[in-house]
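Here's the structure we're looking at; comments come further down.
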Amino acid sequence: MVPEWQEAYLDYNNLKSILKEVSISRQPKAPDASGKLKRKMSLYRAFSGLTTQRNSPRKQDDAIITNIVHNGSEESYQSMFFMSSDQGGGNEVLFFRELDAEFNKVVRFYKKKVGELTVEAEELSKQMDILVALRIKVEKPDVASNDVDEPVDLAGTAASSTVNSINGRSTEGRSRFEITQEVETVDEEMEAKEGNSYSRKGSRRTTQTIQEHRPASLDLLPHVRINIAPETPVSTLKYMVASSKAGLSYKKTELRKSEELMTRALIEFYQKLQVLKGYSFLNILAVSKIVKKYDKITSRRASKVYLEMVDKSPLGSTMEVTRLIERVEAVFIKHFANGNRRKGMDILRRKIRREKHGITFFSGVFFGCAMALVAAIIVVIHLRNIFESTGRSQYMDNIFPLYSLFGFIILHLMMYSGNIYFWRRYRVNYSFMFGFKQGTELSHREVFFLSTGLAVLTLACVLSHLDMEVDLKTKRFEAITESIPLALLTVLLLIIFCPFDIIFRSSRFFLIRSAFHLVCTPFYKVTLEDFFLADQLTSQVQAFRSLEFYICYYGWGDFIRRSNTCKEDKVFEAFYFVVAIIPYWIRTLQCLRRLIEEKDVMHVFNGLKYFSTVIAVAMRTGNDLNMGMTWRNLAAVSSVIATISGTYWDIVWDWGLLRRNSKNPWLRDKLVISNKSVYFAAIVLNILLRLAWMQSVLGFREAPFIHRQALIAIVAVLEIIRRGIWNFFRLENEHLNNVGKYRAFDSVPLPFDYDEMVR
């Protein structure tokens with residue numbers, strides 16, 4: 001099932017519950033006088049019905065008759081139940097009434113989607129006309145328009161909609177995909193009958209007929225404008241300065257980009273056709289199962305009659321969709337796979353990622369090793385009495401921030417693993433919303449595998465660091481000991497940027513590309529995966545500061561002297577402000593870009609919310625650096641404003657909750673989790689965890705029982721947990737919006753725009 005179309009499917013569970021009522025109502029009761037009288041009246045009515053409807057097409061053994069009612073261009077399918085006076089007959093009437101309503105809903109949705117795909121097929125045909133003409137112009141620039149002897153055999157480009165007949169067969173009202181297939185079929189039939197002579201004559205006649213009703217392919221190009229979105233910041237600036245739809249320049253790069261877009265468009269169109277065909281199959285199967293279940297419960301014969309009506313409906317015949325599927329396959333294989341069917345079908349078919357058992361096994365192994373390492377670290381700290389040693393404060397100031405970076409990443413990965421698990425459990429289509437390439441999205445097991453693997457590496461480094469520090473034999477190797485965190489960071493960066501196809505390369509490159517889009521904000525179009533990643537980074541401010549400390553501690557050579565002079569450096573202090581502001585500033589610019597593109601005033605308020613957070617973070621950073629009471633007061637006021645606006649936006653707009661007049665009071669009309677208390681608990685947790693970041697302005701920067709760096713890490717951990725909770729409900733709300741609009745596919749931009757005469 002397509003999650004976004006769930007409301008368009010036959011409501012099998014509702015019909016099944018009605019059948020349960022039918023079964024209960026048909027259970028025999030104790031006979032009485034009135035019951036015998038009712039039974040006699042029922043038999044009399046049934047006999048009367050049979051005698052008065054001798055001319056009806058209903059057979060004596062059938063419980064229903066079916067009818068197709070035409071209301072203008074609309075058709076509705078109805079059934080009539082004849083035994084309503086029997087015991088439990090009222091529930092049976094209700095069953096068929098609901099079944100008819102559900103079936104008509106499915107048929108209407110199916111016909112609507114077929115119509116949309118037919119229109120899309122026509123548009124793709126025109127785009128393919130232009131693409132092949134561009135190919136000829138780029139690859140063979142000396143070819144004139146008159147030198148093109150035969151039309152390009154494309155999806156629908158071999159026949160124009162103005163052609164009304166092909167060898168006596170009507171083509172009016174049919175898509176160009178089908179007409180092209182008809183042309184080729186006619187040629188093949190005639191060639192089989194008349195031999196190779198027709199191959200030279202008949203095919204030429206058909207080609208000539210078609211060309212009389214369509215412009216030569218090369219004549220289309222002067223009326224065409226390129227419509228390719230900019231891919232780099234430089235091209236974006238050129239796009240903004242120049243015309244948004246420039247004419248064709250007949251360059252190879254232009255052709256390559258056009259082919260890439262057309263490939264994506266055809267793949268997306270092909271998958272729409274496959275999904276629609278599957279939709280038809282599933283609903284027919286549901287109808288078949290439910291009416292056969294009815295026959296079994298009532299011992300009647302209604303399924304045969306009803307299924308005959310289903311077979312006559314558009315849902316029962318998928319010939320239009322099947323023809324389009326076959327034509328798209330032929331066109332794609334010919335023009336994008338060099339005639340290699342296996343290669344073409346491998347690209348077209350939807351790829352399903354198969355999870356490997358080794359991932360689950362090693363996830364368990366790594367998790368067990370991580371727990372063992374945690375226990376070992378606790379034992380070492382206790383036996384060596386590290387907390388009471390003189391170097392405790394130095395370790396917390398110098399080394400703890402270095403390792404805490406990996407702790408933040410590990411926790412965020414674990415929260416994301418939990419998000420994926422619950423998104424899958426509640427059928428939230430996260431892979432579609434994030435725009436993952438099919439078959440490359442990571443499962444919760446794979447993300448958990450990455451987090452536990454990184455945890456093992458980090459904890460092993462921490463344990464070795466502690467052991468080298470307290471061991472007299474290795475204590476003198478101070479520089480080597482202090483370099484362990486840097487070595488771990490280097491290994492992590494090498495894995496992320498590794499060009500080889502290992503450790504989920506497609507997912508790593510997807511992350512790198514999204515991160516680059518954030519760096520170049522606002523010169524890239526803002527997509528959900530981009531602003532979702534930017535939101536994640538707003539919860540990793542402390543991780544950014546840890547990276548800054550890495551640069552200072554190792555770049556300034558403090559690790560050799562085992563000293564921390566970073567806070568005394570004015571450059572470090574300045575960047576201490578900047579790195580905390582960067583994620584929120586990126587989100588502010590993204591809101592500005594979306595405002596310009598979508599003209600939605602809500603992006604103004606969202607941008608102001610992030611800008612207020614930028615001010616609050618700047619004020620809090622000044623307070624953290626002990627810049628005085630003025631900074632503390634400003635930090636308190638700005639933090640209160642940012643907390644209130646951020647909490648309100650999280651709950652009301654990002655989650656879509658607190659709808660006073662909804663079906664679920666103070667929540668929203670649609671919920672994927674049946675237990676409503678989960679939503680109220682999430683609201684309360686979000687508010688409490690939002691308040692945690694105000695600990696510095698409330699005077700809890702340091703406590704006698706905990707070091708300041710540990711307190712900062714705890715607050716950062718709470719923010720990451722809040723973000724993990726936010727992630728689930730944010731995508732749940734986005735998914736429900738897609739469900740309400742039946743939006744199950746991406747809208748792939750087409751490469752060309754053209755004048756009316758091309759149509």
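Residue numbers start at 1 and run along the sequence shown.
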| More than 12 heavy atoms from other groups under 6.0 Å of CZ on Phe281 | no
| said: Can you tell me how the ring of Tyr426 sits relative to the ring of Phe422, calling it parallel under 30°, perpendicular over 60° and tilted otherwise? | reply: parallel
| request: Check salt bridge (Lys or Arg N to Asp or Glu O under 4.0 Å) between Arg108 and all other residues, then give those that pass, not counting sequence neighbours. | output: none
| said: Going by salt bridge (charged side-chain N to carboxylate O under 4.0 Å, His left out), name the pairs with one or both residues in residues 523-535, residues two or more places apart or in two chains. | reply: Lys525-Glu597, Asp535-Arg587
| Pairwise distance CG(Leu10) to CZ(Phe103) - rounded to 0.5 angstrom | 9.0 Å
| request: Calculate, to the nearest 0.5 Å, the distance between atoms CD1 and CD1 belonging to Ile347 and Ile267 respectively. | output: 6.5 Å
| message | Phe336: which residues meet the ring-ring contact (aromatic ring centres under 6.0 Å, His included) condition with it, sequence neighbours left out? | response | Phe332
| If you take all heavy atoms of Tyr306 and Asp100, which pair is closest and at what distance? | OH-OD1, 2.7 Å
| Would you say the side-chain atoms of Thr521 pair up with the backbone N or O of Leu518, donor to acceptor, closer than 3.5 Å? | yes
| request: Only one of Glu734, Glu4, Arg424, Arg743 passes side-chain hydrogen bond (donor to acceptor under 3.5 Å, both in side chains) with Asn429; say which it is. | output: Glu4
| query | Within a reach of under 6.0 Å around CH2 of Trp5, are more than 12 heavy atoms found that belong to other residues, nucleotides or ligands? | reply | yes
| message | Looking at Tyr279 and Ala8, would you say the former's side chain and the latter's main chain have a donor-acceptor pair under 3.5 Å? | response | yes
| In chain order, what residues pass the ring-ring contact (aromatic ring centres under 6.0 Å, His included) check against Phe531, with sequence neighbours excluded? | none
| message | Atom NZ of residue position Lys111 - does it have more than 12 heavy atoms of other residues, nucleotides or ligands inside 6.0 Å? | response | yes
| Of all residues at least two apart in sequence or in a different chain, which pass the side-chain contact (heavy atoms from CB on, under 4.5 Å) check with Asp669? | Ser662, Lys663
| query | Ignoring hydrogens and geometry, is there a side-chain-to-backbone donor-acceptor pair from Ser514 to Leu533 under 3.5 Å? | reply | no
| Straight-line distance of Glu120 CD to Glu268 CD, nearest 0.5 Å | 8.5 Å
| Steps toward salt bridge (charged side-chain N to carboxylate O under 4.0 Å, His left out) verdict (Glu7, Lys670) | CA-CA 11 Å; Glu7 294 183 357; Lys670 298 177 183 178; 2.8 Å; yes
| message | Using 0.5 Å steps for rounding, measure from the CH2 atom of Trp653 to the CG atom of Asn733. | response | 10.5 Å
| query | Glu75: what forms a salt bridge (Lys or Arg N to Asp or Glu O under 4.0 Å) with it, not counting sequence neighbours? | reply | none
| Test item: Tyr430 and His735 side chains (from C-beta on) under 4.5 Å apart, heavy atoms | no
